[in-house]
Asks: 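My questions all concern the structure below.
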Amino acid sequence: KLIPNVLRETINTRELCVSPKNPVLPTSATGIDKENRFLYLENGSVLQYDYLVLAPGSEVADYNIPGVKTHTHFLKTLEDLEKLRTALQGGSNRVVIMGAGPTGIELAFELSKFHNVSLVEAAPTILPTSSQKTQYYIREQLEKYKIALHVNTVVKSVAEKEICTSNGPLAYEVAIWNCGVKRNSAFATYRQEWADEFGIFAIGDYVASKENGPPTAQNARAQGMHLAKYFNAGFQGKPYKYEDRGKLIHTRDEIVWDT
């Protein structure tokens, strides 16, 4: 429940980025010389490496819908969460969350403790990848806590204080966009042969696919553990195979195990 904890200020966001064992360089990568194995950084530094792991994550997918970037809050970075926390502390009561996947659902339950919350989902149901049993139970919980649900509702544009949807306008004070991600566009599409030719590996959302698994924290963690074992075993081992181990969904007062 990282996002709710950050919004409640029970976690210091700056502490999440500090590791006493693994130093973090506060800069961005600007280029890779694959043949000579150099990584170029925005601060002007050049790092030489034996092996490089690319894990740049993903970007918010706004699908070029007008007003999404301008008027809604994202949930992708710590800075996004800090801006959202400030907006919610301003006394805003009417909150609309677009996207009823696991993150949107959990956030809706958390914010419903203090705000009037609505969920908007383009698909016919919430939690599209979950079992029907879980979908039904979560819908009951949403109704119990008076969280308005709008399924089969496509967002067409977002203006100041109003969302234009396929089923009519929705007024809001705080709008939150949680409708998917896309590959990080700052990096070229990864190719598997780079591992053997240039010592470059990739994990996480950056390489999410049907074969590698979805862009989830669970999958990224499993990929990281698999790659670490592969390194420690002298680059020997079986290829990574995604395994869905189910997921936990936090409601207002309980945890639902979805398999």
Asks: When the side chains of residues 158-171 are checked against the rest of the protein, which donor-acceptor pairs come out under 3.5 Å, sequence neighbours left out?
Replies:
from, atom 1, to, atom 2, distance (Å)
Thr165, OG1, Asn167, N, 3.1
Thr165, OG1, Gly168, N, 3.2
Thr165, OG1, Gly168, O, 2.5
Ser166, OG, Val154, N, 2.9
Asn167, ND2, Asn152, O, 3.1
Asn167, ND2, Thr153, OG1, 2.9

Asks: Under a 4.5 Å cut-off applied to non-hydrogen side-chain atoms, are Tyr40 and Ile32 in contact?
Replies: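 Of all side-chain heavy-atom pairs linking Ile32 with Tyr40, none is under 4.5 Å.
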Asks: Without placing hydrogens or testing angles, list every side-chain donor-acceptor pair under 3.5 Å for residues 117-130, not counting sequence neighbours.
Replies:
from, atom 1, to, atom 2, distance (Å)
Glu121, OE1, Ala100, N, 2.8
Glu121, OE2, Ala123, N, 3.0
Thr125, OG1, Gln135, OE1, 3.4
Ser130, OG, Asp258, OD2, 2.9

Asks: Heavy atoms only: give me the nearest Gln141-Asp253 pair and the separation to one decimal.
Replies: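 Shortest heavy-atom contact: OE1-OD1, 4.4 Å.
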Asks: With the side chain counted from C-beta on, respond yes when Lys76 and Val181 share a heavy-atom pair under 4.5 Å apart, and no when they do not.
Replies: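 Answer yes - side chains close enough.
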Asks: Without placing hydrogens or testing angles, list every side-chain donor-acceptor pair under 3.5 Å for residues 186-198, not counting sequence neighbours.
Replies:
from, atom 1, to, atom 2, distance (Å)
Thr189, OG1, Arg183, NH2, 3.4
Tyr190, OH, Ile200, O, 2.6

Asks: If we only count heavy atoms from C-beta on, is the Phe74 to Val68 side-chain gap below 4.5 Å?
Replies: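 Touching, per the 4.5 Å side-chain cut-off.
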Asks: My understanding is that a hydrophobic cluster links ILVMFWY residues whose side chain heavy atoms are under 4.5 Å apart, including indirect links. Using that, what else belongs to the cluster containing Leu248?
Replies: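 Noted: Leu248 shares its cluster with Ile255, Trp257.
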Asks: Which atom pairs, donor and acceptor, lie under 3.5 Å between side-chain atoms of residues 214-233 and protein residues at least two apart or in another chain?
Replies:
from, atom 1, to, atom 2, distance (Å)
Thr216, OG1, Asn219, N, 3.2
Gln218, OE1, Arg245, N, 3.4
Gln218, NE2, Gly246, O, 2.7
Asn219, OD1, Tyr240, OH, 2.5
Asn219, ND2, Asn212, O, 3.0
Asn219, ND2, Pro214, O, 3.0
Gln223, OE1, Gly204, N, 2.4
Gln223, NE2, Asn212, O, 3.1
His226, NE2, Lys238, O, 2.9
Tyr230, OH, Phe235, O, 3.3
Asn232, ND2, Ala228, O, 3.2

Asks: Does a side-chain heavy-atom distance below 4.5 Å link Leu54 with Leu52?
Replies: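 Answer yes - side chains close enough.
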Asks: Assess whether a salt bridge exists between Lys146 and Glu143, defined as any Lys/Arg side-chain N lying under 4.0 Å from an Asp/Glu carboxylate O.
Replies: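 Glu143 and Lys146: not salt-bridged.
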Asks: Listing request: all salt bridge (Lys or Arg N to Asp or Glu O under 4.0 Å) pairs with a residue in residues 45-74, at least two apart in sequence or in separate chains.
Replies: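 Sorted pair list: Asp62-Lys69.
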Asks: I'd like to know if the side chain of Tyr63 reaches the main chain of Cys179, judged simply by a donor and an acceptor atom lying under 3.5 Å from each other, with no hydrogens or angles considered.
Replies: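 Yes; judged by distance alone, with no hydrogens or angles, the pair exists.
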